[in-house]
Amino acid sequence: MRFARTGTPAGHPTALHDRGALAASRRTGRLALPVAVGVIAAMASLAGCAAPDQDTRGSTPSPSLSSEAAITLPPAGASPDYQLGGAYDPAPGVGIVARDRGAEPAAGTYSICYVNGFQTQPGELELWPASTLLRDAAGGVFIDPDWPDEVLLDTSTNGAREEIHARVSDWIAGCASAGFDAVEFDNLDSYTRSGGALTFENNLALASALVETAHEHGLAAGQKNAPDDAAALRERAGFDFAITEECSVFDECDAYTDVYDDRVIAIEYTDALPRPFAEMCVDPAAPSSMVLRDKPLGSPGDDGYAFELCPPDDPAP
């Protein structure tokens, strides 16, 4: 399983954020609509999907927005940086920066706010009511088998989804108030790691509600990973763009660009390069926004820190 399929590994700097202090220091340059607006507007999404055992992906038209809030999409082809491990000044030429929800957006860039919407973040288990946590056969919390400090959230019932949505809505509002342009939702594919306890339809219902709330707050909504579900998440939940990790390594880029065209942001990691990054950049299947990072997503000065952008296209003769 890839690095940020499940957010942040144990011991990673993001897991050590003092979110209370960081949240208190957020600037309020952008007014956010009351959280209740998004919650109310999203109730139909939470309850209106197909039955849990029914997979009807791609069978319904794309939902329309219920808000007049202006949504700004990521600039097509802009150079990205992925700063979940710690915020720092972006390099010259960077136009898109993703940061953890506890950080400030990067001034002068299109800023994306990272939210783990379907699993608990390391160190944040206590933030979640017991009724929102998926249980195993023995009644204990269902721990991600590959990430033992993350617990899957229970999306299997309307009541649990409403509780999860209410809590994540607060984070979405915080992203908007801080001045972010978009929010990315991680672990959309948690159902694939649930041992059959969750279904795609369960997660789709919650995802639709989260996208609705993001739009109510004027934020574009980004799909994180989950290539097999890209078409359904775009058409049925209303996602606006995608962030993908290692799509070149796993030959998955087309799964995203076929759905989102040039609104795909790709992160590749130094520990898994099948060929030089420069060659990956010129691959016809490569998204137009791509960056090479170290897997811990460290900051300049950290051991192993890596950051490389694709070279600019040659100017037309």
Side-chain angles (χ1 to χ4, degrees), residues 5-8 10 14-24 26 32-49 52 100-102 113-145 147-177 183-214 216-217 221 224 237:
R5 287 265 191 195
T6 54
T8 312
T14 304
L16 306 179
H17 280 164
D18 181 353
R19 295 192 185 276
L22 287 167
R26 285 173 175 166
L33 295 174
V35 175
V37 174
V39 173
I40 294 172
M43 288 304 175
S45 297
L46 287 168
C49 289
D100 183 78
R101 63 179 169 83
C113 186
Y114 171 90
V115 170
N116 192 346
F118 293 78
Q119 294 187 186
T120 65
Q121 279 288 89
E124 292 191 345
L125 181 60
E126 73 283 354
L127 297 181
W128 292 95
S131 55
T132 64
L133 303 176
L134 188 65
R135 301 287 167 171
D136 59 24
V141 293
F142 195 109
I143 298 172
D144 188 300
W147 296 80
D149 52 2
E150 296 191 13
V151 174
L152 272 63
L153 298 178
D154 185 358
T155 63
S156 65
T157 68
N158 187 51
R161 290 193 296 266
E162 288 181 358
E163 286 190 88
I164 297 167
H165 176 257
R167 185 164 299 273
V168 178
S169 290
D170 288 341
W171 299 341
I172 296 170
C175 294
S177 295
V183 58
E184 61 166 305
F185 295 110
D186 200 5
N187 290 305
L188 292 156
D189 59 355
S190 65
Y191 72 95
T192 65
R193 302 185 296 278
S194 71
L198 305 176
T199 68
F200 171 77
E201 293 294 333
N202 296 153
N203 280 19
L204 175 66
L206 177 58
S208 299
L210 295 177
V211 169
E212 182 93 31
T213 300
E216 291 285 351
H217 286 281
K224 175 68 168 291

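Because only heavy atoms are used, hydrogens play no part in the values below, and waters and symmetry mates are left out as well, while side chains stay in. Keep in mind it's a predicted model, so treat the numbers as computed, not measured.
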Closest heavy-atom pair and its distance - L206, G117: CD2-O, 3.9 Å
Correct closest heavy-atom pair for T132 and A160 would be CG2-O, 4.4 Å
Give a yes or no on whether the backbone of G139 and the side-chain of D136 come within a donor-acceptor separation of less than 3.5 Å. yes
Closest non-hydrogen atom pair between F142 and G195, with its separation: CZ-N, 4.0 Å
So how far is it from E163 CD to S131 OG, rounded to the nearest 0.5 Å? 3.0 Å
Please round to the nearest 0.5 Å and tell me the distance separating atom CG of N116 and atom CD of Q121. 4.5 Å
Calculate, to the nearest 0.5 Å, the distance between atoms CG and CZ belonging to L127 and R167 respectively. 6.0 Å
Evaluate the side-chain proximity of L133 to L125: yes if any heavy-atom separation is below 4.5 Å, no if none is. yes
What is the minimum heavy-atom distance between F118 and L210, and which atoms define it? CE1-CD1, 4.1 Å
For N202 and T199, what are the C-alpha separation, side-chain angles and deciding distance, and is it a side chain to side chain donor-acceptor pair (under 3.5 Å)? CA-CA 5 Å; N202 296 153; T199 68; 3.2 Å; yes
Which value, rounded to the nearest 0.5 Å, describes the distance between R101 atom CZ and Y114 atom OH? 9.5 Å
Kindly indicate, with the supporting measurements, whether the criterion side chain to side chain contact (heavy atoms under 4.5 Å, CB included) is fulfilled by D144 and L152. CA-CA 6 Å; D144 188 300; L152 272 63; 3.9 Å; yes
For F185 versus I172, what's the shortest heavy-atom pair and its separation? CZ-CD1, 3.7 Å
Are V115 and D186 side-chain neighbours, meaning at least one heavy-atom pair lies under 4.5 Å? no
Checking S194 side chain against Y191 main chain: does a donor-acceptor pair fall under 3.5 Å? yes
For P145 and R193, the nearest pair of non-hydrogen atoms, with its separation, is CD-O, 4.1 Å
Answer yes when R161 and E201 have at least one side-chain N-carboxylate O distance shorter than 4.0 Å, and no when they do not. no
Side chain to side chain, Q119 and W147, heavy atoms closer than 4.5 Å: no
Supply the atom-to-atom distance D100 CG to C175 SG, rounded to the nearest 0.5 angstrom. 8.5 Å
Would you find a donor on one side and an acceptor on the other, under 3.5 Å apart, between the side chain of T120 and the backbone of V151? yes
Taken to the nearest 0.5 Å, the spacing of D154 CG from L198 CG works out to 6.0 Å
Can you find a pair of side-chain heavy atoms, one from F200 and one from D189, that are under 4.5 Å apart? no
